[in-house]
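What follows is a single structure, written as structure tokens, with notes after it.
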Amino acid sequence: MQQVRVRFAPSPTGPLHIGGARSALFNYLLAKKHDGKFIVRIEDTDRERSGREWEENILESLRWLGLEWDEGVEVGGEHGPYRQMERLDIYREYTQKLLESGRAYRCYCTSEELEEERERLRAKGELPRYLGRCRNLTKEQEEEYIAQGRKPVIRFKVPQGEKIIVDDLVRGKVSFDSDGVGDFIIVKSDGIPTYNFAVIIDDALMKISHVIRGEEHLSNTPRQILLYQALGIEPPRFAHISLILGKDGSKMSKRHGATSVAQYRQQGYLPEALVNFLALLGWSPEGEEEKFSLDELIELFSLDRVAKKPAVFDIEKLNWLNGVYIRQTDVEKIARMAVPYLQESGHLPKDEAAIDWEKLVKQVSVAQNYLSKVSDITDFFAQFYGEQVVLEGDAAREVLQQEQVPQVIALFKQKLQDLDPVDSEGVKKMLKSITKELKLGGKKVFLPLRVALTGKTKGPELHDLIPVLGVEACIKRVESSLVQAGK
RNA sequence: GGCCCGUUGGUCAAGUGGUCUAAGACACCGGCCUUUCACGCCGGUAACAGGGGUUCGAAUCCCCUACGGGUCACCA
């Protein structure tokens, strides 16, 4: 078997999309699985929309996900350059070949003329398409167009009456009719190749063995195969993976929430979790396990376990998975990740040097079990670590109305002030002693204290929370709750 | 509309003609644990789009219908 060489070839017209990230992942996994090469190429032939800042965003997201590439932009390689706009000379050479062999021709139609033609066809109830008006231009006609100052595009002469079979690794043999594809443009009037053309030249020259890409490219594939045939080049293997859909079943877009990797990163998702989640969208391993590291994914991955049907992006499951990863990650690391959110929310000073790390780590460790993404930390801080307690709902208020409450609180304050040291173990014992001395059930002691301390009927273990809050804050909070409850 | 692709529980999905009275995960519900919640553990509800074939036998193969999606650019 030849060496596996795959590529991820984004166009830098926006941030790395979640679907693109999955394509990149699958390519990466296939390459690593077979000791092959993963290549990143930038398809920047759309000069209007391409931008360096997007390229950087994409590359940064890929690196953040852990998908390092062996060859490509920024890292180099022997098949470069890896930006299409830097490869214009190369495309020219092949354009020339196609022109000379009569497989391509210049077309002088203006976009207005083409639009008119499409309109006319539509009006007649026919398919809008290019009819081949410039296919057989005489020298005189051509000279006249040139004299008019028209800039030609170059079209590929699509052979008629041919069946084109795409032998797809996930979909099987898919057949197309060449009559259904009009003479498409391979070089724009500004001399820059179009996607369909540039992509096949690059894939061929970069010796790409497998092209794994989104299903939206499936209908482009016959065009590309035609070009490969015209140039006498063996095409790579294709694998078209299905799209990622939003909750309502349509293609995932902004209105479904975050669509870019950068946004998930910003919200405090861990790259390991996102990778794990994305891998399971459209692919499944053999066993019943659901949690995998990148290395495990490489080990298990195979294209024949890739599903054909589109997958709905289920944020609930991502949240669960991310929570699992957060719980398994060192507190210190989560604390470090939490800093920017807490600075933003005002819970931490802007000046890093002024941060009490020891305290922060303690606070975060109490919160860790409750986070599904790191940005949730601010809610947690607001609810449990603020100066003020906000009673949550009638349920909380009612708890504080119970008759034993003043007694419990008073004893708690007293015992807390006497407690030394104030640690988890000590607090646990202290709380228990309250139930004993007042001869009350746990529910009558723990719940009111919890509400008085946090304003909520649920939350972290009191013996974890109290030491982190500190004696002073506890007392203040308890008192403010009592005031609010009207006691 | 033409051409393509798809359709197993709310969601991700296993399943490639008999072992399917259809696995697992998320979500949901219940129980245990914890003198709370979560975590964890245990259990439960819930699906082969519809109709025709082929076959002794079909979620699995074929056809039709319905529904969903992709694509028909001097975008990729």
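Owing to the predicted nature of the structure, the values given are computational and were not obtained by experimental measurement. Quick note on labels: first sequence line is chain A, next is B, and so on, each numbered from 1.
- Applying the 4.0 Å criterion to OP1 and OP2 of B:A14, one finds that A:Ser284 has a side-chain N or O inside that range.
- Counting non-hydrogen atoms under 4.0 angstrom, A:Thr45 reaches the backbone sugars and phosphates but no base.
- Remark: B:G2 base-pairs with B:U71; criterion is Watson-Crick or G-U wobble with both hydrogen-bond distances under 3.5 Å.
- For the pair A:Arg83/A:Glu55, a side-chain contact is recorded, criterion being any heavy-atom separation below 4.5 Å from C-beta on.
- Contact annotation: A:Arg305 reaches the phosphate of B:G15 (side-chain N/O to OP1 or OP2, under 4.0 Å).
- Checked against a 6.0 Å centroid threshold, the rings of A:Tyr195 and A:His217 count as neighbours.
- Between the C1' atom of B:C75 and the CE atom of A:Met85 lies a distance of 14 Å, rounded to the nearest Å.
- Residue-level contact check: A:Gly282 touches the backbone only, with heavy atoms under 4.0 Å from sugar-phosphate atoms and none from bases.
- Atom pair A:Asp168:CG and B:C5:C1' shows a separation of 10 Å (rounding to whole Å applied).
- In this structure, A:Glu316 places its CD atom 13 Å from P of B:U11, rounding to the nearest Å.
- Put simply, NZ on A:Lys317 is 15 Å from C1' on B:C28, counting in whole angstrom units.
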Give each protein N/O atom lying under 3.5 Å from an N/O atom of nucleotides 63-71 of chain B, with the pair distance.
residue: B:U71; atom: O4'; partner: A:Ser219; partner atom: OG; Å: 3.2
residue: B:U71; atom: O2'; partner: A:Ser219; partner atom: OG; Å: 3.3

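- Between A:Asp183 atom CG and B:C74 atom C1' there is a gap of 15 Å when expressed in whole angstrom units.
- To the nearest angstrom, P of B:G24 lies 14 Å from CH2 of A:Trp320.
- One can place CZ of A:Phe292 at 13 Å from P of B:C26, the figure rounded to the nearest angstrom.
- With sequence neighbours left out, the ring pair (Phe, Tyr, Trp, His ring centres under 6.0 Å) criterion links A:Trp283 to A:Phe301.
- Between A:Ser302 and A:Asp304, the side chains place a donor N or O and an acceptor N or O closer than 3.5 Å (distance only, hydrogens not considered).
- A salt bridge links A:Lys163 with A:Asp177: the distance from a Lys NZ or Arg NE/NH1/NH2 to an Asp or Glu carboxylate oxygen falls below 4.0 Å.
- No donor-acceptor contact under 3.5 angstrom links the side chains of A:Tyr130 and A:Glu117, judged on distance only.
- For the P atom pair drawn from B:G6 and B:G24, the interatomic distance equals 28 Å after rounding to whole Å.
- Residue A:Asp46 is in sugar-phosphate contact alone, with no base atom involved, counting any heavy-atom pair closer than 4.0 Å across all strands shown.
- Heavy atoms of A:Val153 sit under 4.0 angstrom from at least one base atom.
- A close approach under 4.0 Å does occur between a side-chain nitrogen or oxygen of A:Lys188 and OP1 or OP2 of B:A76.
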>> If you apply the rule salt bridge (charged side-chain N to carboxylate O under 4.0 Å, His left out), what do you find for A:Asp202 with A:Arg7, and how did you get there?
In response: CA-CA 10 Å; A:Asp202 290 344; A:Arg7 47 58 165 196; over 6 Å; no

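- With B:U35, B:A76, B:C74 as the choices, the nucleotide that has an atom nearest any side-chain atom of A:Thr435 turns out to be B:U35.
- A:Ser189 comes within 4.0 angstrom of a nucleotide base, judged by non-hydrogen atoms across all strands.
- The six-membered or imidazole ring of A:Phe313 lies near that of A:Phe277, with a centre-to-centre distance under 6.0 Å.
- Within the 4.0 angstrom heavy-atom criterion, no nucleotide atom of any strand lies near A:Glu48.
- Of the residues near RNA chain B, A:Val324 and A:Lys247, the one whose nearest nucleotide (by heavy atom distance) lies more toward the 5' end is A:Lys247.
- At a threshold of 4.0 angstrom between heavy atoms, the contacts of A:Phe176 are confined to the sugar-phosphate backbone, with no base atom among them.
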Is there any protein nitrogen or oxygen under 3.5 Å from a nitrogen or oxygen in nucleotides 44-50 of chain B, and what are the pairs?
none

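- Of the nucleotides present, B:C32 is the one that pairs with B:G40 by Watson-Crick or G-U wobble criteria, both distances under 3.5 Å.
- Regarding contacts with the backbone of B:A73, every side-chain N or O of A:Thr194 stays at 4.0 angstrom or more from both OP1 and OP2.
- Residue order along RNA chain B, read from the 5' end via each residue's closest nucleotide, puts A:Glu286 first among A:Glu286 and A:Ile192.
- To the nearest angstrom, C1' of B:U34 lies 13 Å from CG of A:Asn369.
- Across every strand in view, B:U7 sits in a pair with B:A66 that passes the Watson-Crick or G-U test at under 3.5 angstrom.
- Comparing the same atom, C1', in B:U8 and in B:C67 gives a spacing of 16 Å after rounding to whole Å.
- In this model, the phosphate group of B:U8 is approached by a side-chain N or O of A:Lys309 to a distance below 4.0 Å at OP1 or OP2.
- Taking all atoms of both residues into account, the shortest heavy-atom contact from A:Arg305 to A:Ser284 is NE-O, 2.8 Å.
- Across all strands, A:Arg49 comes closer than 4.0 Å to base atoms (heavy-atom distances).
- For B:G50 and B:C12, the C1' atoms lie 25 Å apart once the distance is rounded to whole Å.
- Using atom C1' as the reference point in both B:A49 and B:U34, the two lie 46 Å apart (nearest Å).
- Nucleic acid contact for A:Arg171: sugar-phosphate only, since backbone atoms but no base atoms lie under 4.0 Å from a heavy atom of the residue.
- For the P atom pair drawn from B:A25 and B:G43, the interatomic distance equals 10 Å after rounding to whole Å.
- Rounded to whole Å, the separation between the C1' atoms of B:G30 and B:A23 comes to 22 Å.
- Across B:A22 and B:A59, the matching P atoms stand 12 Å from one another, rounded to whole Å.
- Here B:A22 sits opposite no nucleotide as a Watson-Crick or G-U wobble pair (both hydrogen-bonding atom distances under 3.5 Å).
- Using cut-offs of 30° and 60° for the angle between ring planes, the A:His240 and A:Phe238 rings count as parallel.
- Heavy atoms from other residues, nucleotides or ligands lying under 6.0 Å from CD of A:Glu299 number 12 at most.
- The base of B:C37 sits within donor-acceptor range of the side chain of A:Tyr370, with an N or O pair under 3.5 Å.
- A donor-acceptor pair shorter than 3.5 Å can be found between the side chains of A:Tyr105 and A:Asp183.
- A gap of 34 Å separates the C1' atoms of B:C28 and B:U65, to the nearest Å.
- The nucleotide whose nearest atom lies closest to any side-chain atom of A:Arg118 is, among B:C5, B:C39, B:C74, B:C74.
- A:Ser50 comes within contact range of no nucleotide atom at all, as no heavy-atom separation falls under 4.0 Å.
- With no hydrogens or angles considered, no side-chain donor-acceptor pair links A:Gln224 and A:Thr221 at under 3.5 Å.
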